[in-house]
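Contents: one structure, followed by commentary.
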Amino acid sequence: MKIKHVLATKSPIIHTINPQTLLSQAVAILSEHNIGALVVIEADRIAGIISERDIIRAAAQDPAIFERQVQHVMTANVITGRPSDDLKAVLQTMTSRRFRHLPILDGDILLGIVSIGDVVKAQLGEYEGKLDTLETQIIEEG
């Protein structure tokens, strides 16, 4: 299964933010949309990603961090995926690199973002489909 199949099941809305936005506003957006990360866009390009985890770590060091800009806390070196990426390879990368959100690009165009939950859900769906097929084959042969 490819990442493009996961994207096809998600809302086409991509929540983004700019690097100068205050962290307090980023937290409000994350909460309002019940999401775990925002892609940071500057000059029509990905400048970074800000996740709940990034914010919590920053707040633990400096409680006044919420009045600082996203650019001071975001992860700037963003790992991205492509629609043609294999689901298992993406899951392996996310697990080994210890991140939960992966922006998906087609060239320089942001197509969406997948979470580790999206990937695991798709993987389970694929396994369930294979299991159903095997059960049907066993019943037909029996």
Side-chain angles (χ1 to χ4, degrees), residues 1-63 65-66 68-142:
M1 182 180 284
K2 303 292 181 192
I3 285 297
K4 65 182 174 185
H5 297 108
V6 176
L7 281 180
T9 66
K10 293 180 59 94
S11 168
I13 298 169
I14 306 167
H15 298 284
T16 63
I17 198 166
N18 72 56
Q20 293 76 35
T21 303
L22 295 179
L23 273 175
S24 59
Q25 292 172 296
V27 168
I29 294 168
L30 290 168
S31 177
E32 176 185 348
H33 298 289
N34 195 29
I35 55 177
L38 294 162
V39 178
V40 182
I41 301 289
E42 186 170 48
D44 295 327
R45 297 189 62 91
I46 293 181
I49 189 166
I50 183 88
S51 71
E52 295 166 321
R53 184 180 283 183
D54 295 326
I55 295 167
I56 293 297
R57 287 183 178 150
Q61 294 176 359
D62 178 11
I65 196 77
F66 296 103
R68 296 192 68 197
Q69 295 176 337
V70 166
Q71 64 189 340
H72 299 292
V73 177
M74 71 182 191
T75 300
N77 296 322
V78 182
I79 296 171
T80 62
R82 297 182 313 263
S84 60
D85 287 345
D86 181 70
L87 198 66
K88 290 177 187 174
V90 167
L91 186 56
Q92 175 62 37
T93 300
M94 293 174 87
T95 302
S96 65
R97 301 290 296 270
R98 301 181 53 84
F99 62 87
R100 298 177 183 191
H101 299 90
L102 180 72
I104 306 300
L105 301 176
D106 186 5
D108 287 337
I109 299 170
L110 178 63
L111 298 178
I113 184 169
V114 295
S115 70
I116 199 162
D118 297 330
V119 176
V120 168
K121 180 179 175 184
Q123 190 77 51
L124 288 174
E126 185 177 8
Y127 291 149
E128 287 174 358
K130 287 179 181 180
L131 210 118
D132 288 345
T133 300
L134 289 172
E135 286 176 347
T136 301
Q137 288 174 350
I138 290 170
I139 290 170
E140 290 174 357
E141 290 178 8

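Starting from 1, each residue takes its place in the sequence as its number. Please read these numbers as outputs of a predicted model, since none were measured by experiment.
Each of Thr93, Val114, Leu102 was checked for a side chain to side chain contact (heavy atoms under 4.5 Å, CB included) with Val119, and the lone residue meeting it is Val114.
Residue pairs satisfying the salt bridge (charged side-chain N to carboxylate O under 4.0 Å, His left out) criterion with at least one member in residues 13-22, sequence neighbours excluded, are absent. Applying the side chain to side chain donor-acceptor pair (under 3.5 Å) test to every pair with at least one member in residues 16-27, sequence neighbours left out, gives these pairs: Asn18-Thr21, Gln20-Glu42. Each side chain to side chain donor-acceptor pair (under 3.5 Å) pair with one or both residues in residues 94-121, not counting sequence neighbours, appears once here: Lys10-Asp118, Arg45-Asp108, Ser115-Asp118. Residues in residues 76-86 take part in these salt bridge (charged side-chain N to carboxylate O under 4.0 Å, His left out) pairs, two or more places apart or across chains: Arg82-Asp85.
The side-chain hydrogen bond (donor to acceptor under 3.5 Å, both in side chains) search around Arg57 returns none, not counting sequence neighbours. Every residue two or more places apart in sequence or in another chain that forms a side-chain hydrogen bond (donor to acceptor under 3.5 Å, both in side chains) with Gln71 is listed here: Gln69. With sequence neighbours left out, the salt bridge (Lys or Arg N to Asp or Glu O under 4.0 Å) criterion links Arg53 to no other residue. Not counting sequence neighbours, the partners of Ala59 by the side-chain contact (heavy atoms from CB on, under 4.5 Å) test are Ile65, Phe66. Annotation: side-chain hydrogen bond (donor to acceptor under 3.5 Å, both in side chains) contacts of His5 (sequence neighbours excluded): none. A search for side-chain contact (heavy atoms from CB on, under 4.5 Å) contacts involving Ile56 returns nothing, not counting sequence neighbours. Taking Gln92 as the reference, nothing meets the side-chain hydrogen bond (donor to acceptor under 3.5 Å, both in side chains) condition, with sequence neighbours excluded.
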Could you give me the CA-CA distance, side-chain angles and deciding distance for Leu23 and Val70, then say whether side chain to side chain contact (heavy atoms under 4.5 Å, CB included) is met? CA-CA 5 Å; Leu23 273 175; Val70 166; 4.2 Å; yes
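Note that CD1 of Ile3 is 5.0 Å distant from CG of Leu87, once rounded to the nearest 0.5 Å.
Residues Ile46 and Leu105 share a closest heavy-atom pair of CD1-CD2, 3.6 Å. Here the shortest heavy-atom pairing between Pro103 and Ile113 reads N-CG1, 4.0 Å. Annotation for Met1 and Ala122: closest pair SD-CB, 3.9 Å, computed over non-hydrogen atoms.
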Hey, can you pull the donor-acceptor pairs under 3.5 Å for the side chains in residues 29-41, sequence neighbours left out?
none

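Residues Thr80 and Leu110 form no side-chain contact, since every pair of their non-hydrogen atoms from C-beta on lies 4.5 Å or further apart.
A donor-acceptor contact shorter than 3.5 Å links the side chain of Ser51 to the backbone of Asp54.
In this structure, Lys4 places its NZ atom where only 12 or fewer heavy-atom neighbours from other residues, nucleotides or ligands lie under 6.0 Å away.
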